[in-house]
J.: 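Mind looking over this structure? Questions follow.
No hydrogens, no waters, no symmetry mates; every other heavy atom, side chains included, goes into these values.
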Amino acid sequence: IINSEDVKFDLNYTQFPINKPKLSNTYSIFNQENDYTSSFGYKSLRQGLGYKINFAQNEKLIFGSGLSFEKVKGFNAKNDSSPAITDNIGKFENINFNFLIKYDSLNNFFNPSNGVLNQLSVNFSPEELSDNSYIKFTLKNKNYFSLSDSKDFIFFINNYGYAESLKSKLKTINTYSLGGNSFKGFDYKGIGPLDSSGIYLGGNEFFTSTLGYGSSFIFDDKDNVNIKLFLTTGSIWNSDYVTNNDIDLRSSLGISLDFITAIGPISFSYSSPLEKNNEDKTREFSFTIGSSF
């Protein structure tokens with residue numbers, strides 16, 4: 001799936017101190033122009049710089065924290081009748097704090113077949129220092145179980161996010177979206193509430209759960225194709241711009257082929273929605289560079 005909304009450059013420099021090999025320092029400068037006209041109904045320019053530090057307690061456990069300053073400009077509103085659009089139009093300055101804790105025992109970065117990954121990330125933009133103040137918690141959980149005497153495996157993947165504005169309404173630029181790689185069978189930002197003019201609102205909360213079975217496509221020692229069957233369910237809800245915030249479940253059933261290449265996995269997926277809303281946008285076929293899950 002190609003995301004046509006994002007045009008950007010990010011310059012990152014990571015330093016590993018010789019006398020402290022468990023630490024890493026990353027310095028970044030970013031300039032991102034996002035065309036949200038077809039979804040959120042406006043364009044956004046984000047510029048700034050940041051710093052983060054990571055500490056690896058051991059090979060599996062990592063702690064991280066960071067700080068960034070950004071200038072955000074919302075412009076080119078699709079219409080001036082939707083508060084979800086007009087709340088994002090203007091110039092804003094924000095200071096963001098980021099925190100991360102990750103435990104990773106997966107046996108392969110791109111195509112794991114055994115192990116666990118648990119990750120908690122927190123984004124915090126204080127009211128005293130930011131025009132768009134909010135707090136955001138995102139949880140990721142991946143579980144892979146190898147089957148004995150075979151290359152087959154079962155996987156169970158869960159994601160949950162919660163965000164809240166510290167001033168009034170959480171602006172759509174800071175909400176979660178669902179669809180595309182985050183929920184196969186649906187288009188990018190294809191799941192979630194819309195306002196009366198068709199503007200995508202995203203949500204302050206979401207979850208997805210995927211249960212699947214993976215195997216090698218060719219049964220010899222030179223396998224370079226993996227096949228996965230999967231069932232995904234989830235929802236996105238709790239937008240500050242709608243009154244009905246019930247959890248409305250969606251689900252999809254699919255299959256993917258991951259081709260292992262020198263540049264990493266190339267994945268083709270077909271997924272068909274089982275449960276959906278009339279307003280949802282579906283996409284059965286998808287293509288990604290990187291593992292399907």
J.: To the nearest 0.5 Å, tell me how far Ile53 CD1 sits from Leu100 CG.
T.: 13.0 Å

J.: What pair of heavy atoms forms the shortest contact from Ser177 to Ser182, and how long is it?
T.: O-OG, 4.2 Å

J.: Side chains of Ser130 and Asn132: is there a donor and an acceptor less than 3.5 Å apart?
T.: no

J.: Just wondering, do Phe230 and Ser256 contact through their side chains at under 4.5 Å, heavy atoms?
T.: yes

J.: Tell me, do Val122 and Lys136 make a side-chain contact under 4.5 Å, heavy atoms counted?
T.: no

J.: Quick one: does Lys22's side chain get under 4.5 Å of Gln57's, heavy atoms only?
T.: no

J.: Angle class for the Tyr42/Phe40 ring planes (parallel below 30°, perpendicular above 60°, tilted otherwise)?
T.: parallel

J.: For a 4.5 angstrom cut-off between non-hydrogen side-chain atoms, does Lys102 reach Asn118?
T.: no

J.: Starting at OG of Ser38, measure out to NZ of Lys78 and round the result to the nearest 0.5 Å.
T.: 7.0 Å

J.: Do any side-chain atoms of residues 231-238 form donor-acceptor pairs under 3.5 angstrom with protein atoms, and if so which ones, sequence neighbours left out?
T.:
| unit_1 | atom_1 | unit_2 | atom_2 | d |
| --- | --- | --- | --- | --- |
| Thr232 | OG1 | Thr210 | OG1 | 2.8 |
| Thr233 | OG1 | Arg250 | O | 3.1 |
| Ser235 | OG | Asp248 | N | 3.3 |
| Ser235 | OG | Asp248 | O | 2.9 |
| Asn238 | ND2 | Glu205 | OE2 | 3.2 |

J.: Do Thr208 and Asn159 meet the criterion of a side-chain donor-acceptor pair at a distance under 3.5 Å?
T.: yes

J.: Does atom NZ (Lys169) have a neighbourhood of more than 12 heavy atoms from anything else shown, all under 6.0 Å?
T.: yes

J.: Decide if atom CG of Asp80 counts as having more than 12 heavy atoms of other residues, nucleotides or ligands within a radius under 6.0 Å.
T.: no

J.: Judged by atom type as modelled, is there a donor-acceptor pair below 3.5 Å linking the side chain of Asn181 to the main-chain atoms of Lys184?
T.: no

J.: Have Thr172 and Asn88 got a donor and an acceptor in their side chains that come within less than 3.5 Å?
T.: yes

J.: Can you hop from Leu249 to Phe183 via hydrophobic side chains spaced under 4.5 Å?
T.: no

J.: Distance check, rounded to the nearest 0.5 Å: Ser272 atom OG versus Glu284 atom CD?
T.: 6.0 Å

J.: Is Asn12 reaching over with its side chain to a backbone N or O of Ser28, donor-acceptor style, under 3.5 angstrom?
T.: no

J.: Let's go through Tyr160 and Phe207 carefully: what are the C-alpha distance in whole Å and the side-chain angles of both, what is the deciding distance for ring pair (Phe, Tyr, Trp, His ring centres under 6.0 Å) to 0.1 Å, and is it a yes or a no?
T.: CA-CA 4 Å; Tyr160 172 76; Phe207 89 92; 8.0 Å; no

J.: Considering the options Thr175, Asp195, Asp87, which one meets the side chain to side chain donor-acceptor pair (under 3.5 Å) requirement together with Tyr241?
T.: Asp87

J.: In terms of hydrophobic clusters joined by side-chain contacts under 4.5 Å, are Phe63 and Leu23 together?
T.: yes

J.: Using the side chain to side chain contact (heavy atoms under 4.5 Å, CB included) rule, take Ile157 and Asn141 through it: C-alpha gap first, then chi angles, then the decisive distance, then the call.
T.: CA-CA 6 Å; Ile157 301 173; Asn141 166 251; over 6 Å; no

J.: Between Glu164 and Tyr162, do the side chains contain a donor N or O and an acceptor N or O under 3.5 Å apart?
T.: yes

J.: Could you tell me if the side chain of Phe153 sits less than 4.5 Å from the side chain of Lys228, heavy atoms only?
T.: yes

J.: When you check the side-chain N and O atoms of Thr26 and Thr14, is any donor under 3.5 Å from an acceptor?
T.: yes

J.: Do Ile101 and Leu61 pass the side chain to side chain contact (heavy atoms under 4.5 Å, CB included) test, and can you show the C-alpha distance, the side-chain angles, and the key distance before you say yes or no?
T.: CA-CA 8 Å; Ile101 179 171; Leu61 186 60; 4.3 Å; yes

J.: Establish whether Phe287 and Phe259 are linked, either directly or via other cluster members, by ILVMFWY side-chain heavy-atom contacts under 4.5 Å.
T.: yes

J.: Provide the closest heavy-atom pair for Tyr36 versus Ser44 in the form atom of the first, atom of the second, distance.
T.: CE1-CB, 3.9 Å

J.: Which pair of non-hydrogen atoms, one from Ala77 and one from Ile85, has the smallest distance, and what is that distance?
T.: CB-CG2, 3.6 Å

J.: Just by distance, no angles: are the side chains of Asn107 and Ser113 close enough, under 3.5 Å, to form a donor-acceptor pair?
T.: yes

J.: Check the pair Ser267 / Ser269 against side chain to side chain contact (heavy atoms under 4.5 Å, CB included), numbers first and verdict last.
T.: CA-CA 7 Å; Ser267 177; Ser269 298; 3.8 Å; yes

J.: Should Ser252 and Leu274 be marked as a side chain to side chain contact (heavy atoms under 4.5 Å, CB included) after you check the CA-CA gap, both sets of side-chain angles, and the distance that decides it?
T.: CA-CA 5 Å; Ser252 65; Leu274 301 177; 5.6 Å; no

J.: Under a 3.5 Å distance rule, please check whether Asp104 uses its side chain to pair with a backbone N or O of Leu117 as donor and acceptor.
T.: no

J.: Can you tell me if NZ on Lys167 sees more than 12 non-hydrogen neighbours from other groups inside 6.0 Å?
T.: yes

J.: Shortest non-hydrogen contact from Ile89 to Phe92?
T.: O-CZ, 3.8 Å

J.: Run through Phe69, Tyr27, Phe97, Tyr13 and flag the one making a ring pair (Phe, Tyr, Trp, His ring centres under 6.0 Å) with Tyr51.
T.: Tyr27

J.: Report the C-alpha separation of Asp152 and Ser215 in whole Å, then their side-chain angles, then the decisive distance to 0.1 Å, and conclude whether the side chain to side chain donor-acceptor pair (under 3.5 Å) test is met.
T.: CA-CA 4 Å; Asp152 298 356; Ser215 179; 2.7 Å; yes

J.: Is the backbone N or O of Glu279 less than 3.5 Å from a side-chain atom of Asn277, with the two atoms forming a donor-acceptor pair by type?
T.: no

J.: Near Asn19 CG, under 6.0 Å, is it more than 12 heavy atoms from other residues, nucleotides or ligands?
T.: yes

J.: Side chains of Leu194 and Leu201: does their closest heavy-atom pair fall under 4.5 Å?
T.: no

J.: Under a plain distance cut-off of 3.5 Å, with no hydrogens placed, do Asn98 and Asn96 share a side-chain donor-acceptor pair?
T.: no

J.: Would you say that Ile135 contacts Leu166 through its side chain, given a criterion of any heavy-atom pair below 4.5 Å between the two side chains?
T.: yes

J.: Given the rule that I, L, V, M, F, W and Y join up when any side-chain heavy atoms are under 4.5 Å apart, are Tyr103 and Phe55 in one cluster?
T.: yes

J.: Mind listing the closest non-hydrogen atom pair of Phe186 and Lys276 along with its distance?
T.: CE2-CB, 3.7 Å

J.: Is it true that Tyr200 and Phe75 fall in one hydrophobic cluster, defined by side-chain heavy atoms closer than 4.5 Å?
T.: no

J.: Is it the case that the side chain of Asp131 and the backbone of Glu93 share a donor-acceptor pair, with hydrogens and angles ignored and the cut-off at 3.5 Å?
T.: yes

J.: Between CG of Asn174 and CG of Asn204, what distance do you get to the nearest 0.5 Å?
T.: 10.0 Å

J.: Are Asn226 and Asp258 linked by a side-chain donor-acceptor pair shorter than 3.5 Å?
T.: no

J.: Tell me, do Val225 and Ile260 make a side-chain contact under 4.5 Å, heavy atoms counted?
T.: no

J.: Quick check for you: to the nearest 0.5 Å, what is the distance between Lys140 atom NZ and Leu120 atom CG?
T.: 11.5 Å

J.: Cut-off 3.5 Å, side chains only: do Ser133 and Glu127 have a donor facing an acceptor?
T.: no

J.: Between Asn76 and Lys43, is there a donor-acceptor pair closer than 3.5 Å when you use the side chain of the first and the backbone of the second?
T.: no

J.: Could you tell me which non-hydrogen atom of Phe137 sits nearest to which non-hydrogen atom of Tyr176, and how far apart they are?
T.: O-OH, 2.9 Å

J.: Does Arg283 come within less than 4.0 Å of Asp187, counting only side-chain N to carboxylate O?
T.: yes

